[in-house]
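Comments concern the structure below.
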Amino acid sequence: MTDQKSDSTPNDGSVDSSTSSNFIRNKIAHDLKENKHGGRVHTRFPPEPNGYLHIGHAKSICLNFTVAAENSGLCNLRFDDTNPEKESQEYVDAIKDNISWLGFQWNGQVRYSSNYFEQLYGFAVQLIESGKAYVCDLSADEAREYRGTLTEAGKNSPNRDRAVAENLDLFQRMRAGEFADGACSLRAKIDMASPNMNMRDPVLYRIRHIEHHQTGTEWCIYPTYDYTHCISDAIEGITHSLCTLEFEDHRPLYDWILHNLSMESLHHASDLDKSDYDYVLPEQTEFAKLKLNYTIVGKRKLKEMVDTHVVDGWDDPRMPTLAGLRRRGFTAAAIRNFCESVGVARSESIVDLGMLEHAIRDDLDKNSPRAMCVLDPLVVVLTNVPADHLETLDMANHPKNEEMGRRSVPFTGRIVIDRSDFEEVPPPGFKRLTAGGEVRLRGAYVIKCDDVVKDDAGNVVELHCSIDLDTLGKKPEGRKVKGVIHWVSESRGVPLQVRLYDRLFNVENPESKDIEDFRDCLNENSLIRLGSCIAEPSIAEQGAATSFQFEREGYYCRDEKESREGKLVFNRTITLRDSW
RNA sequence: UGGGGUGUCGCCAAGUGGUAAGGCACAAGGUUUUGAUCCUUGCAUGCGUUGGUUCGAAUCCAGCCACCCCAGCCA
């Protein structure tokens with residue numbers, strides 16, 4: 001196809017220091033060294049469009065795309081749409097959108113297994129002709145009985161030795177729609193006594209009189225995953241077919257199907273340039289799924305949470321879906337870095353959520369502008385400036401990156417600070433404002449609390465403080481003021497709603513078999529709505545960023561779905577690390 | 001108790017016969033107008049376990065233990 005040694009590609013092949021070796025990279029390097037596929041690396045990400053993508057899929061997406069890119073290879077996007085019953089165009093669109101958002105570009109057009117239905121049918125005919133497949137009349141229940149058990153061999157179907165001509169006729173009539181759903185199926189003739197259940201004459205085609213989101217009513221027989229996947233890989237010239245561990249037992253079947261088809265016909269059906277190199281069949285290799293503690297990743301349960309309104313939809317910011325993570329304020333880069341950092345191996349493991357949190361903090365710390373926002377306002381009246389005092393302070397958008405520019409922050413005679421930054425009787429080690437104590441207002445002056453105003457019930461309603469006017473941009477004289485707190489002008493600040501998100505579950509493994517209903521371990525505080533927050537005006541200016549570090553609080557992003565003119569809604573992506 | 005897999009620090013994970021990488025977490029210092037970031041240091045005489053081979057074993061061999069996957073006309 002193309003010159004493998006093309007040096008025009010930037011950053012190809014070179015593994016940067018943040019990537020580590022894993023068994024798949026090793027295998028590919030080895031295959032390349034042996035010149036196994038003519039030096040090609042071609043992978044694919046093959047989702048079934050029956051749900052939304054989640055963080056687990058991200059691992060597979062990153063693996064497939066990066067491993068191809070590292071070797072100047074290609075990665076296809078193929079919808080594995082062999083079961084129209086559960087699939088829909090809505091999912092197809094969402095999945096494409098998610099992959100692009102993650103920053104990957106698939107090779108050429110989007111593929112669908114259904115693109116190959118005609119070819120697949122032809123290969124099935126080939127298997128029938130060579131006596132490797134037959135039409136079986138057993139019902140699904142009967143087939144189960146005939147299959148045997150894990151420890152007992154199965155029995156041959158009564159139709160196993162049907163004549164080729166009869167099978168051909170029957171299969172053609174299946175396609176023509178002569179039979180009802182489930183009346184018969186096409187099965188591979190392998191071994192009903194195989195210790196591998198997948199090899200006990202697996203079903204290749206089933207009858208489903210149902211409309212397909214891509215092929216409409218053209219077909220009423222649909223090929224199964226096992227039959228379809230390997231052939232689709234072969235057609236697309238896939239070299240490395242990466243999938244998860246539960247398909248390990250399917251690999252012998254993957255290979256059986258390909259090896260029982262003629263090499264010539266497969267090569268002929270493929271996208272590949274027919275003369276360039278020797279045709280080599282694709283190979284499946286399996287890796288462990290990503291699991292995260294405190295989170296559920298099972299599609300069925302995620303759907304249940306959406307359907308029963310435990311969450312507000314597939315893009316609820318608490319969901320582990322890519323749509324949810326995105327709305328929560330996670331960046332694509334953070335997710336990619338996370339996927340790289342968890343590695344790829346064959347041992348099933350549960351990754352600590354802390355790793356994901358680290359990845360997003362790491363990215364946002366470097367890239368998000370700072371701003372001040374008070375979540376739980378307590379009014380501070382500055383007693384030694386005029387009531388209408390207004391001053392504009394100049395502050396850096398980022399403490400370490402001047403390129404991110406500066407901003408103006410209005411400072412007035414009445415400001416708000418966070419309630420938790422004041423304690424009348426401070427606990428040991430408290431560095432914030434106390435009655436009679438001093439504290440630095442971030443980017444502004446040192447103030448001293450002279451008076452604590454309370455209501456009849458004894459609640460603090462207001463603080464009267466005096467400013468040390470000689471402390472703007474310099475240290476106070478003769479004493480040390482340790483604490484620094486954030487603040488916002490009461491009159492010039494902008495009101496906003498903030499949503500604080502936390503993990504959805506309060507147990508490490510909500511998918512554990514010991515838990516009969518995941519609803520029993522939901523974290524009731526996974527969402528806290530704050531309605532009276534106030535932030536500095538820079539966050540609402542024309543062209544303002546959508547993601548900020550609210551200093552001393554955490555990273556927050558504007559919720560594009562619910563924010564509108566005059567009504568700002570921010571989601572907390574993640575708190576700052578807090579060693580206090 | 002059929003078959004296929006996996007077991008290396010609290011959590012991931014490199015390592016493929018030459019004397020245990022790295023990240024997260026954690027701990028202790030330092031810098032700091034964010035209790036953040038950043039920097040420095042510490043963190044497995046040990047690689048599921050018991051034997052064996054070897055000058056030498058996480059790596060090879062044998063046994064044992066634990067956990068995961070498979071009996072959809074789902075993927």
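Everything quoted here is computed from the prediction, not taken from an experiment. Order of the sequence lines fixes the chain letters, A, B, ..., with proteins taken first and strands second; residue numbering starts at 1 for each chain. Values below: all heavy atoms of this structure, side chains included; hydrogens, waters and symmetry mates excluded.
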[X] vs [N]: side-chain N/O to OP1/OP2 distance below 4.0 Å:
{"X": "A:His486", "N": "B:rU34", "value": "no"}
{"X": "A:Arg577", "N": "B:rC26", "value": "yes"}
{"X": "A:Arg346", "N": "B:rU6", "value": "yes"}
{"X": "A:Ser341", "N": "B:rA13", "value": "no"}
{"X": "A:Asn26", "N": "B:rG15", "value": "yes"}
{"X": "A:Lys289", "N": "B:rU6", "value": "no"}
{"X": "A:Thr82", "N": "B:rA75", "value": "yes"}
{"X": "A:Ser194", "N": "B:rG3", "value": "no"}
{"X": "A:Arg200", "N": "B:rA71", "value": "no"}
{"X": "A:Ser347", "N": "B:rA13", "value": "yes"}
{"X": "A:Lys400", "N": "B:rC38", "value": "no"}
{"X": "A:Arg206", "N": "B:rC74", "value": "yes"}
{"X": "A:Arg147", "N": "B:rG72", "value": "yes"}

Is any NZ, NE, NH1 or NH2 atom of the basic residue among [X] and [Y] found under 4.0 Å from an Asp or Glu carboxylate oxygen of the other?
{"X": "A:Asp365", "Y": "A:Arg370", "result": "yes"}
{"X": "A:Arg572", "Y": "A:Glu553", "result": "no"}
{"X": "A:Arg432", "Y": "A:Glu423", "result": "no"}

**Message:** Measuring from the side chain of A:Arg144 (C-beta onward, heavy atoms only), which nucleotide among B:rG72, B:rC12, B:rA75 has the closest atom?
**Reply:**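 Selected nucleotide (nearest to the side chain): B:rG72.
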**Message:** Could you tell me if A:Glu286 and A:Gln284 have a donor-acceptor pair between their side chains, going purely by distance under 3.5 Å?
**Reply:**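 On atom types as modelled, these side chains qualify, holding a pair under 3.5 Å.
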**Message:** Between A:Tyr254 and A:Asp233, is there a side-chain donor-acceptor contact under 3.5 Å, judged purely by atom types and distance?
**Reply:**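 Looking only at side-chain atoms, A:Tyr254 and A:Asp233 do form a donor-acceptor pair, the distance falling under 3.5 Å.
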Between [N] and [M], how far is it from one [atom1] atom to the other, in whole Å?
{"N": "B:rA25", "M": "B:rA20", "atom1": "P", "answer": "26 Å"}
{"N": "B:rC26", "M": "B:rU19", "atom1": "C1'", "answer": "28 Å"}
{"N": "B:rC12", "M": "B:rG48", "atom1": "P", "answer": "14 Å"}
{"N": "B:rG18", "M": "B:rU59", "atom1": "P", "answer": "12 Å"}
{"N": "B:rC60", "M": "B:rU6", "atom1": "P", "answer": "12 Å"}
{"N": "B:rA21", "M": "B:rA44", "atom1": "C1'", "answer": "13 Å"}

Rounded to whole Å, please give me the gap between [atom1] in [X] and [atom2] in [N].
{"X": "A:Glu551", "N": "B:rG35", "atom1": "CD", "atom2": "P", "result": "9 Å"}
{"X": "A:Lys366", "N": "B:rA36", "atom1": "NZ", "atom2": "C1'", "result": "13 Å"}
{"X": "A:Met355", "N": "B:rG23", "atom1": "CE", "atom2": "C1'", "result": "7 Å"}
{"X": "A:Glu340", "N": "B:rG22", "atom1": "CD", "atom2": "C1'", "result": "12 Å"}
{"X": "A:Tyr555", "N": "B:rU37", "atom1": "OH", "atom2": "C1'", "result": "7 Å"}
{"X": "A:Asn83", "N": "B:rC73", "atom1": "CG", "atom2": "P", "result": "12 Å"}
{"X": "A:Gln549", "N": "B:rU33", "atom1": "CD", "atom2": "C1'", "result": "14 Å"}
{"X": "A:His398", "N": "B:rU32", "atom1": "NE2", "atom2": "C1'", "result": "13 Å"}

**Message:** Using side-chain heavy atoms (C-beta onward) and a distance below 4.5 Å, is A:Asp191 in contact with A:Trp256?
**Reply:**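 A side-chain contact is absent here, since even the closest heavy-atom pair is not under 4.5 Å.
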Test for a donor-acceptor pair under 3.5 Å between the base of [N] and the side chain of [X], counting only N and O atoms.
{"X": "A:Arg440", "N": "B:rU33", "result": "yes"}
{"X": "A:Arg251", "N": "B:rG4", "result": "no"}
{"X": "A:Asn196", "N": "B:rG4", "result": "no"}

**Request:** Enter syn or anti for the glycosidic conformation of B:rG22, syn applying to angles within 90° of 0.
**Result:**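 In terms of base orientation relative to the sugar, B:rG22 is anti.
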**Message:** Need the glycosidic conformation of B:rG72: syn if within 90° of 0, anti if not. Which one?
**Reply:**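 Nucleotide B:rG72 adopts syn.
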**Request:** If the plane angle is over 60° it's perpendicular, under 30° parallel, otherwise tilted; pick one for A:Trp219 and A:Phe117.
**Result:**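 The rings of A:Trp219 and A:Phe117 stand perpendicular, inter-plane angle above 60°.
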**Prompt:** Do we see A:Trp580 stacking on the base of B:rG35, given a limit of 5.5 Å between centres and 30° between planes?
**Reply:**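 According to the criterion (under 5.5 Å, under 30°), yes, A:Trp580 stacks.
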**Asked** Across all strands, who's sitting opposite B:rU16 as a Watson-Crick or G-U wobble pair, both distances under 3.5 Å?
**Response**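 Check on B:rU16: unpaired, no WC or wobble geometry under 3.5 Å.
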**Prompt:** Which one is paired to B:rU31, where only Watson-Crick or G-U wobble pairs with both distances under 3.5 angstrom count?
**Reply:**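 Base partner found: none.
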**Message:** Quick check: on RNA chain B, is the nucleotide nearest A:Phe550 upstream (toward 5') of the one nearest A:Phe247, or the reverse? Name the residue that is more 5'.
**Reply:**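 The answer here is A:Phe550.
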**Request:** Could you pick out which residue, A:Arg361 or A:Phe23, lies toward the 5' side of RNA chain B when each is mapped onto its nearest nucleotide?
**Result:**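 Nearest-nucleotide comparison on RNA chain B picks A:Phe23.
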**Request:** Check A:Arg479, A:Lys448, A:Arg440 against A:Asp468 for a salt bridge (Lys or Arg N to Asp or Glu O under 4.0 Å) and give me the one that passes.
**Result:**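 Among the candidates, only A:Arg479 passes.
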